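Everything below concerns the one structure shown next.
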There are 2 protein chains.
Amino acid sequence: MKTAKTKKSEESAEQKIIEAARKLFTEKSFDAVKTRDIANEAGINLALLNYYFRSKEKLFEIVMQENMQKFFQSIVGIINDEETTIREKVELLVNRYIDMLLNSPELPIFVMSNIKSSTRTQFQGRFRDSFLMKQVQKAIKKGKMPDMNPVNFMLNVVSLTIFPFIGKPMIKNSHNMDDKQFLELIEERRTLVPKWIDAMMKVK
Amino acid sequence: MKTAKTKKSEESAEQKIIEAARKLFTEKSFDAVKTRDIANEAGINLALLNYYFRSKEKLFEIVMQENMQKFFQSIVGIINDEETTIREKVELLVNRYIDMLLNSPELPIFVMSNIKSSTRTQFQGRFRDSFLMKQVQKAIKKGKMPDMNPVNFMLNVVSLTIFPFIGKPMIKNSHNMDDKQFLELIEERRTLVPKWIDAMMKVK
DNA sequence: TTCTGATTTAAACAAATGATTAAAACAGAA
DNA sequence: TTCTGTTTTAATCATTTGTTTAAATCAGAA
C-alpha cells in the first residue's frame, strides 16, 4: 500500500505530477507547457504522466477543475450568507479576493483565458441565484440603490478587485512601478474599494 | 512592381499573412497557433510565411506591436488633452474603450497575457506623465478629491471599463446570460461608469 | 524466500511542427 | 521575344512532442 503519504519529501509521484502541472499550466498556456516540462518540474519519469493521467488533456482538466474551484469557492459562502448586509459582504469579498490573489496572482488570467462560453462549470448560475443578488434587487426596489442591472453591481465589485492583478504588468509598465509600490496600491484598494462601492450605491 | 495593391481581393500575400496572423494570435496563444494554421487562414503557401517574415516569432512580434498600439493609442490623445476636465476625460475614455472592445473583445486578454514585466513597450510611463495624472494630483491637493494614490483613480476607470470584456465568458456562465443580455449590460455601463467614478471622487 | 501486482525506467514511435530548398511561375524591362 | 529578379510552389528536413512499449525495480503477501 502506498496511498496517503504525509511527508512532503515522500509525496507520491501522482501528487508531484499534479503539483507540477498546476504550477506550469497556471503560468503558461496549454500548448506552451510540454509534457517533458511537467515531468522535469515534478522530478519524475515522463511515462508516469500517461501512466497516471492517460493524457496531457486529462491532466489539464484536473488542474482546470482545481483552479476554478479555488477561484469561485471562496466567495460562494460569502454571497449566500443570510446574516450579513450588502456592505459587509462587499468588504468580505474584497478582502478574501485580495488575500487569495496576492498568493496566486496568475489565477485570474488562467480562469479568464480558459473559460469558454461552452465550458460547463459547477458554478452555472451560482451568482444569479445567490442571496446577495436578492438583497441587491430588494435594495433597488426599495429605492435604497439606484436603478440598475444588479449584475452590474456584482461586476463592479469583481472588476475593481480582480482587474489590478490581471493588469499588473501593464500597470507596472505604464506607471514605472516596482513590486513594492504595486503592493501599496493593492493595500490601499483593500480599504477603498468597499468605500467606493458604497458611494456608487448612492448615485441617483 | 507589386507593392501597394488597393483591391481587397488582390491583397499582397504579405498583407494576407499579417491579417491571418493577427486574427489567430489574438484569439489563441502563441503556441496554440501553428504556422500551417496561419498559412491556411491566409490562403497562401506555407513557405511564404518564412519568406516574408523570417520566423513565426518575428510575425508574432508584429502582431503584438499592432495590438499594443491599438489598445493604448486611442487613449493617449484623451488623457493628454489640456482642454478637458477630469470628468470629461472619463466619459471619453469609457466610450472610446467600449466602442473599441465591442469590435475587438479579445484584445484585453491578448494584451494582458502577453505583456510581461520585462516587455519594453513604447508606452512606458505614458500614464504617469499624462496630463490627466497631473489634474488628478492637483484635485487631490486641493481637497476636491479624497486622498489616494492617483494611480488608483486611473485604475478604477480602466477596471470598470475593461474587465467586463475580459470576464465575459465567466459572467455569461455564472449568470446564465446570452449575448444580447451581455450587450445590454455593457450599454448600461457606458452611461453609469462615469457617474460611478464621479461618486467615488466624493468619498471622504 | 518466492511470487504477484504495482510502479518506474530508458528507449522508441509516429505525428506534428517550424523552417529550408530547389525548381517553377510570374512580371516587367530591354 | 529574351532576360532578370521576384514570388510562389511542392517536397523535404531536422526537431519537438505526446504517447507507448517492454523490461526492470520495488513492495508487500504468502
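Computed from a predicted model, the values in this text were never measured in an experiment. Just so it is clear: chains get the letters A, B, ... in the order the sequence lines come, proteins before strands, and each one is counted from 1.
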Stepwise side chain to side chain donor-acceptor pair (under 3.5 Å) check, Q181(B) with K172(B): CA-CA 9 Å; Q181(B) 289 172 307; K172(B) 287 181 58 181; over 6 Å; no
Distance-only side-chain donor-acceptor flag, T35(B) / K56(B), under 3.5 Å: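 No, K56(B) and T35(B) have no side-chain donor paired with an acceptor closer than 3.5 Å.
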Residues in contact with DNA chain C, drawn from residues 26-34 of chain A - heavy-atom cutoff 4.0 Å: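 When residues 26-34 of chain A is checked for heavy atoms under 4.0 Å from DNA chain C, there are no hits whatsoever.
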Contact residues, residues 43-54 of chain A to DNA chain C [heavy atom, < 4.0 Å]: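 Output list: N45(A), A47(A), L48(A), Y51(A), Y52(A).
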Residue pairs fulfilling salt bridge (charged side-chain N to carboxylate O under 4.0 Å, His left out) with at least one residue in residues 64-79 of chain B, sequence neighbours excluded: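 Qualifying pairs: R22(B)-E66(B).
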Terminal axis angle for the helix from dT1(C)-dA30(D) to dA30(C)-dT1(D), five pairs an end, nearest 10 degrees: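 End-to-end axis angle: 10°.
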Interatomic distance, K58(B) NZ vs dG18(C) P [rounded to whole Å]: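 K58(B) atom NZ is separated from dG18(C) atom P by 17 Å.
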Flag side-chain contact, heavy atom, 4.5 Å: F182(B) against D178(B):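 Side chain of F182(B) against side chain of D178(B), heavy atoms only: no contact under 4.5 Å found.
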4.5 Å side-chain heavy-atom contact, I86(B) and M201(B):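 Yes. Closest side-chain heavy atoms under 4.5 Å.
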Greater than 12 external heavy atoms within 6.0 Å of K134(A)'s NZ: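 Atom NZ in K134(A) is crowded, with more than 12 foreign heavy atoms closer than 6.0 Å.
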Enclosure of K195(A) NZ (heavy-atom neighbours >12, cutoff 6.0 Å):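 No.
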Option passing side chain to side chain contact (heavy atoms under 4.5 Å, CB included) with P150(B) (candidates M145(B), Q137(B), K138(B), Q135(B)):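 Among M145(B), Q137(B), K138(B), Q135(B), the one that satisfies the side chain to side chain contact (heavy atoms under 4.5 Å, CB included) with P150(B) is Q137(B).
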Side chains of residues 187-194 of chain B: which donor-acceptor partners sit under 3.5 Å, not counting sequence neighbours?
from: E187(B); atom 1: OE1; to: R190(B); atom 2: NE; distance (Å): 2.8
from: E187(B); atom 1: OE2; to: R190(B); atom 2: NH2; distance (Å): 3.3
from: E188(B); atom 1: OE1; to: N149(A); atom 2: N; distance (Å): 3.2
from: E188(B); atom 1: OE2; to: N149(A); atom 2: N; distance (Å): 2.9
from: E188(B); atom 1: OE2; to: N152(A); atom 2: ND2; distance (Å): 3.0
from: R189(B); atom 1: NE; to: L160(B); atom 2: O; distance (Å): 3.3
from: R189(B); atom 1: NH1; to: N152(A); atom 2: OD1; distance (Å): 2.8
from: R189(B); atom 1: NH1; to: N156(A); atom 2: OD1; distance (Å): 3.0
from: R189(B); atom 1: NH2; to: N156(A); atom 2: OD1; distance (Å): 2.7
from: R189(B); atom 1: NH2; to: L160(B); atom 2: O; distance (Å): 3.0
from: R190(B); atom 1: NH1; to: N95(B); atom 2: OD1; distance (Å): 3.1
from: R190(B); atom 1: NH1; to: D99(B); atom 2: OD1; distance (Å): 3.0
from: R190(B); atom 1: NH2; to: D99(B); atom 2: OD1; distance (Å): 3.1

Distances under 3.5 Å between protein N/O atoms and the N/O atoms of nucleotides 13-15 of chain C, please, pair by pair.
none

